[in-house]
Amino acid sequence: MDAHSAHRAPPDDAASAASTAPAVRLLDVRKTYGDVVAVERLSVEVLAGEFFTMLGPSGSGKTTTLRVIAGFELPDSGRIELHGADVTRTAPYERSVNTVFQDYALFPHMSVRENVAYGLRVQGVPKAQRKRRADEALEMVRLPGVGDRKPIALSGGQRQRVALARALVNRPRVLLLDEPLGALDLKLREEMQLELKAIQRELSENITFIYVTHDQDEALTMSDRIAVFSDGRIEQVGTPGEVYERPANAFVAGFVGTSNIVHRGGREVMIRPEKIRVLAADEHDAGAVEGTVREVAYLGSVTRYTVALDGGDTLVVIRQNLDTSAEQAAQERGRRLRLAWREEDAAHLEEKPTDGGVADGA
Amino acid sequence: MASNALAAGSARTRASAALFRRPWLRATLLLSAPGAWFVLIYLAALVLLFVSALWSVESFTGKLEHTWTLENFETLVKVPAYRTVALRTIGIAAAVTVTDALLAVPFAFYAARVAPRRVSSFLFVAVLIPLWSSYLVRVFAWRLILAHDGILNWTLEEVGFGSVNIGYSNWAMWIVFSYIWLPFMILPVWAAIERVPSSYLEASADLGARGWRTFRSVLFPLIVPGIAAGAIFTFSLTLGDFITPTLVGGAGSQLIGNVVYQNVGVANNIPFAAAFAVVPVIVMGLFLLLARRLGAFEAL
């Protein structure tokens, strides 16, 4: 991860100090609402140009962290830096950060173009230039020709794009996205995930994306790195592969994907359902475990078996329906199975969650 | 199946089923009482007003003459004093409306968006409490405050500014009307401000706008319907009032209401009173048209 950040700025670059600094750095940030601790001594670094996702259940502090970065909330203590500059006490309108809101927050009394051009109007950009840049931004989000309409006349997905264009038109160095796809239906959401990722790749020279979601699939699909939040702390920061395959603790294992925990020699071992193999009758494996199929769920492309092991643990196993039909799958209930997996696919979890306040991000 | 169940049911079940199948019957039952009230008391009175404005009074005997004439309206237009009274009434109503809007917007913004919940509910009660006390008592209190030897002048003297002579004047009326009708402006504006999602204001700040810019470009356009709704109250209530001018107004502070009152009571010229009363009805009609264009009825 260090190598990742180091290659970005050549040492002889005049602005090297600024460009080697992380896009966003949070240091010991704490935020409470009355007695409720929303964020507890949180430290993390987001690298310039990356797609960084803050993933966690509701109430885990991810949205509060985003709002602290945007400047909508002042932290009780701690420090916030944008590209090396301290902005802890700076107002939102003085930060080179733009936000795509969960409810889009499009101004209902303005046309789509006026909405997109609002930031430019505030900056005093001349009218003709404003119009051109707003139309360009609408084109970039693949929504040309709707500039004269009111937001109310657009569909949810279109409004989402307008909100994105309104933020991007200001060319912010950091773009914050607060569950922007949460209100869309599944099909549209998956389409938008790919489009967002494509737009980010196009702009990654200049813009860092910080994305908040509670949807693990979304996080895995789009992110360069993921921070997993729980109870106002970061449990783990890593690439999608790291977080999924080598979760730091049981919480991360359970939140990112379905986790199976098996007790072996006094230790907890986590193994993903799709990594488990069902052994044929004549197959031998030293680490194999035996159990009885309790539930079978036929999911179309895969079948999910819930297997009660003889040792007392329960494993979920997912098999591709390569040559299994729905009828065959249903008959597997009650069958005895022997299961095995490759040792390198099993993750050994720490007994207790790490001190989540200190996340070794970069 | 369903008919069996109905046959077994009581008369009440059958009646409610009959109502369920005939929406028009339900509507008729619900609306007959308020409809009758509206037609008989409200519309009939209004029609009577228009009709009697076209009658006249025998000046010697004071007897009502049921012959059609536009004489009352001619008098209204021709006699400068009446024109002055009408314009003064409209002017004061407009001034009171603007004043209340200027006071209500910052107050309601603070109460709805800035104040902690407890302060906010305290302010809500504080706005409503004056409405529990008698209108007369409140106007009388102002009469005492604004009188030449009242507490206002006494305080100004003590502080060293010297006294002001605003008791029994149009200024006094403006102050008292603004005070009396302020709650009717605050409440709809408060509701309008509360309805604006905070993400709109955050989005504006996020896009680089400072407070004043956000107010001008985002918040204000969205609360215009609430202000227009409040203006309907402050404007119409001032337009029809005759008690405040009587108590705190001076020699040159007659409003339309006072002239109507005098013509009904002292002069016994009901047709002329009716004709003058048509003026605020027309002004209010125009005002409501404007308010509707501003979206006031969606905000009520």
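Labels below follow one simple rule: chain letters A, B, ... track the order of the sequence lines, proteins then strands, and each chain is numbered from 1. In this text the structure is predicted, and so the values were computed from the model without any measurement.
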Approximate separation, where rounding is to 0.5 Å, of [X] [atom1] and [Y] [atom2]:
X: Ile80(A); Y: Thr90(A); atom1: CD1; atom2: OG1; answer: 8.5 Å
X: Asp206(B); Y: Tyr200(B); atom1: CG; atom2: OH; answer: 15.5 Å
X: Trp174(B); Y: Ser253(B); atom1: CH2; atom2: OG; answer: 14.5 Å
X: Leu184(A); Y: Met192(A); atom1: CG; atom2: CE; answer: 7.0 Å

| query | In terms of heavy-atom proximity below 4.5 Å to chain B, should Leu106(A) be classed as side chain, backbone, both, or neither? | reply |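 Backbone only.
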
| Where does Asp103(A) contact chain B at under 4.5 Å (heavy atoms): side chain, backbone, both or neither? |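 Only the side chain of Asp103(A) comes within 4.5 Å of chain B.
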
| request: Could you list which of residues 110-119 of chain A have a heavy atom closer than 4.5 Å to any heavy atom of chain B, in residue-number order? | output: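 The residues closer than 4.5 Å to chain B, in numerical order, are Met110(A), Tyr118(A), Gly119(A).
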
| message | Between Glu218(A) and Thr213(A), is there a side-chain donor-acceptor contact under 3.5 Å, judged purely by atom types and distance? | response |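 Distance-only check passes for Thr213(A) and Glu218(A).
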
| Any side-chain donor paired with an acceptor under 3.5 Å for Ser217(B) and Arg213(B)? |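 Ser217(B) vs Arg213(B): donor-acceptor pair found between side chains.
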
| said: Sub-4.5 Å heavy-atom contacts with chain A: which residues of residues 96-115 of chain B show up? | reply: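 Those residues of residues 96-115 of chain B which would need a heavy atom under 4.5 Å from chain A do not exist here.
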
| message | Using a 6.0 Å distance limit plus a 45 degree cone around the ring axis, check whether Arg166(A) lies over the aromatic ring of Phe107(A). | response |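 Geometry flag: set, cation within 6.0 Å and 45°.
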
| Does the separation of the ring centres of Phe233(B) and Trp181(B) fall below 6.0 angstrom? |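 Ring centres of Trp181(B) and Phe233(B) not closer than 6.0 Å.
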
| query | Less than 6.0 Å separating the ring centroids of Phe51(A) and Tyr211(A)? | reply |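 So the answer is yes for these two rings.
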
| task | Return yes if some donor-acceptor pair links the side-chain N/O of Lys62(A) with the main-chain N/O of Gly56(A) below 3.5 Å, else return no. | result |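 Such a contact is found between Lys62(A) side chain and Gly56(A) backbone.
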
| Interface residue of largest heavy-atom contact number with chain B, from Arg121(A), Arg95(A), Gln102(A), under 4.5 Å |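 The answer is Arg121(A).
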
| Structural part of Ser198(B) lying under 4.5 Å from a heavy atom of chain A |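 Contact with chain A: none, neither part.
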
| Check ion pair Glu202(B)-Arg67(A) (N to O, under 4.0 angstrom) |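 Salt bridge present between Glu202(B) and Arg67(A).
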
